[in-house]
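Data block below; observations after.
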Amino acid sequence: MEYWDIYDGFRNKTGRTMERGPVPEGDYHLVVCICVFNSDGKLLIQQRQPFKAGWPNLWDISAAGSAIAGESSGQAAERELYEELGLRHDFSGVRPHLTVNFNRGFDDVYLVVKDVDLADLKLQPEEVQNAKWATEEEVMQMIEEGTFIPYHKGLIQTYFGMRNGYGTHK
């Protein structure tokens, strides 16, 4: 069984945990998203399995998932990237590029530039059926077609725009 740390609305741990599931009103949990870009500026995307409860068969960013109880954001990012794609990346001492607040939590986004050979990926059979590289334009087209999770297009543009560094300025 998977347990999550519970946070208050200002991202302070409450000292409570909950079993994975719907988060009660007034409580929040931590999610991480990892976008892996290659040196050509393409995003590594994954296709979700058809039997996944959320967004079956749709394409998604490189990796994402909830932090489990006791994990830091960086530890969760490291675990999710390895579990879903078999990729190792050291997130110790690395801050997320941005945090997106949502109704029941905080979504820490990590942007990584790393050249990866698709043949070296080890896709998690419970979650991922395929992976490929895609340009920003291809991802936007897939959102339009309904084959990619319907992220806000501006958010995807932000990921592509910020992939080489931190901050609001170039």
Side-chain angles (χ1 to χ4, degrees), residues 1-37 43-112 114 116 121-131 139 142-143 146-159 162-163 166:
M1 202 48 58
E2 185 174 293
Y3 288 88
W4 297 339
D5 287 318
I6 299 298
Y7 296 81
D8 67 17
F10 297 98
R11 200 174 170 149
N12 299 303
K13 282 187 179 180
T14 64
R16 295 182 292 122
T17 61
M18 65 168 280
E19 193 174 312
R20 179 187 184 101
V23 179
E25 180 79 31
D27 288 340
Y28 301 85
H29 80 291
L30 177 62
V31 174
V32 295
C33 293
I34 306 96
C35 295
V36 177
F37 293 91
L43 174 62
L44 179 60
I45 61 175
Q46 61 155 282
Q47 187 178 24
R48 298 171 61 82
Q49 288 286 11
F51 47 80
K52 288 289 292 177
W55 314 111
N57 274 324
L58 294 188
W59 288 87
D60 196 0
I61 60 169
S62 307
S66 295
I68 57 176
E71 278 186 325
S72 68
S73 174
Q75 289 168 329
E78 207 165 301
R79 178 184 52 77
E80 287 292 341
L81 188 61
Y82 182 71
E83 281 180 1
E84 293 183 13
L85 300 176
L87 290 178
R88 294 264 185 216
H89 187 80
D90 184 5
F91 288 92
S92 57
V94 176
R95 294 182 302 147
H97 282 74
L98 64 145
T99 298
V100 178
N101 294 303
F102 62 97
N103 290 345
R104 295 284 187 263
F106 312 95
D107 198 343
D108 282 349
V109 180
Y110 293 87
L111 308 175
V112 175
K114 185 177 190 124
V116 175
L121 297 178
K122 294 176 185 76
L123 307 182
Q124 183 181 25
E126 299 83 11
E127 297 207 21
V128 183
Q129 63 175 299
N130 201 358
V139 172
M142 292 170 80
I143 291 172
T147 58
F148 202 94
I149 290 179
Y151 289 99
H152 294 288
K153 288 183 176 181
L155 188 59
I156 296 296
Q157 291 169 328
T158 299
Y159 295 166
M162 291 182 68
R163 71 183 180 274
Y166 287 88

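Note that the coordinates shown come from a computational prediction; the quantities given were computed from them, not determined experimentally.
- Considering all non-hydrogen atoms of both residues, Asp90 and Val94 come closest at O-CG2, 4.0 Å.
- Looking at heavy atoms from C-beta onward, Trp55 lies out of side-chain contact with Asp60 at the 4.5 angstrom threshold.
- When the shell of 6.0 Å around CZ of Arg95 is examined, it contains 12 or fewer heavy atoms from other residues, nucleotides or ligands.
- In this structure, Leu85 and Val116 have side chains that are not in contact, with every pair of non-hydrogen atoms separated by 4.5 Å or more.
- Judged by distance alone, the side chain of Thr17 and the main-chain N or O of Ala69 form no donor-acceptor pair under 3.5 Å.
- Applying the salt bridge (charged side-chain N to carboxylate O under 4.0 Å, His left out) rule to Asp27 yields the partners Arg16; only residues at least two apart in sequence or on another chain are considered.
- Residue Asp107 holds its CG atom at 9.0 Å from CG of Asn101, rounded to the nearest 0.5 Å.
- Taking a 6.0 Å sphere around OH of Tyr151, one finds it holds more than 12 heavy atoms contributed by other residues, nucleotides or ligands.
- The structure places CZ of Arg20 at 7.5 Å from NE2 of His29, a figure rounded to the nearest 0.5 Å.
- In this structure, the side chains of Arg48 and Ile149 come closer than 4.5 Å at one or more pairs of heavy atoms.
- The heavy-atom pair separating Asp5 from Gly70 by the smallest distance is OD2-N, 2.8 Å.
- Side-chain atoms of Phe148 and Ile45, non-hydrogen and from C-beta on, do get closer than 4.5 Å to each other.
- Atom CG of Leu43 and atom CZ of Arg163 lie 9.5 Å apart (nearest 0.5 Å).
- You'll find the side chain of Leu111 reaches within 4.5 Å of the side chain of Tyr159, heavy atoms only.
- Here the closest non-hydrogen pair linking Glu78 and Ser92 is OE1-N, 4.1 Å.
- Between Gln75 and Phe91, every side-chain heavy-atom pair lies at or beyond the 4.5 Å cut-off.
- Taking every heavy atom of both residues into account, Ser73 and Arg11 meet most closely at CB-NH2, 4.1 Å.
- The two residues Ser66 and Glu80 have their closest heavy-atom pair at O-OE2, 3.8 Å.
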Exercise for the section: Evaluate the criterion side-chain contact (heavy atoms from CB on, under 4.5 Å) for residue pair Phe102 and Val31; output intermediate values, then yes/no. Expected result: CA-CA 10 Å; Phe102 62 97; Val31 174; 3.8 Å; yes

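- Of all heavy-atom pairs spanning Gln129 and Pro50, the tightest one is NE2-CD, 3.6 Å.
- Enclosure of atom CG in Asn12 by more than 12 non-hydrogen atoms of other residues, nucleotides or ligands within 6.0 angstrom is indicated.
- Between Phe106 and Tyr7, the angle of the ring planes goes over 60°, which puts this pair in the perpendicular group of the 30/60° scheme.
- Side-chain atoms of Glu19 do not come within 3.5 Å of backbone N or O of Tyr3 as any donor-acceptor pair.
- Side-chain atoms of Thr14 do not come within 3.5 Å of backbone N or O of Asp8 as any donor-acceptor pair.
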Problem - side-chain contact (heavy atoms from CB on, under 4.5 Å) evaluation trace for His89 with Ile34 - result: CA-CA 11 Å; His89 187 80; Ile34 306 96; over 6 Å; no

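- Side chains of Cys35 and His97 form no contact here, defined as non-hydrogen atoms less than 4.5 Å apart.
- Taking Glu25 as the reference, Arg104 meet the salt bridge (charged side-chain N to carboxylate O under 4.0 Å, His left out) condition, with sequence neighbours excluded.
- Take Lys52 and apply the salt bridge (charged side-chain N to carboxylate O under 4.0 Å, His left out) test, not counting sequence neighbours, and it matches Glu127.
- Between Leu121 and Leu87 the shortest side-chain heavy-atom distance falls below 4.5 Å.
- Atom CG of Leu30 sits about 8.0 Å away from atom OG1 of Thr99, to the nearest 0.5 Å.
- Note that CD of Glu126 and CZ of Phe51 are 7.0 Å apart. Values are rounded to the nearest 0.5 Å.
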Exercise for the section: Tell me, with the steps shown, if Trp59 and Asn130 meet side-chain contact (heavy atoms from CB on, under 4.5 Å). Expected result: CA-CA 9 Å; Trp59 288 87; Asn130 201 358; 3.9 Å; yes

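- Atom NZ of Lys13 is surrounded by more than 12 heavy atoms from other residues, nucleotides or ligands within 6.0 Å.
- Expressed to the nearest 0.5 Å, how far CH2 of Trp4 lies from CE of Met18 amounts to 5.5 Å.
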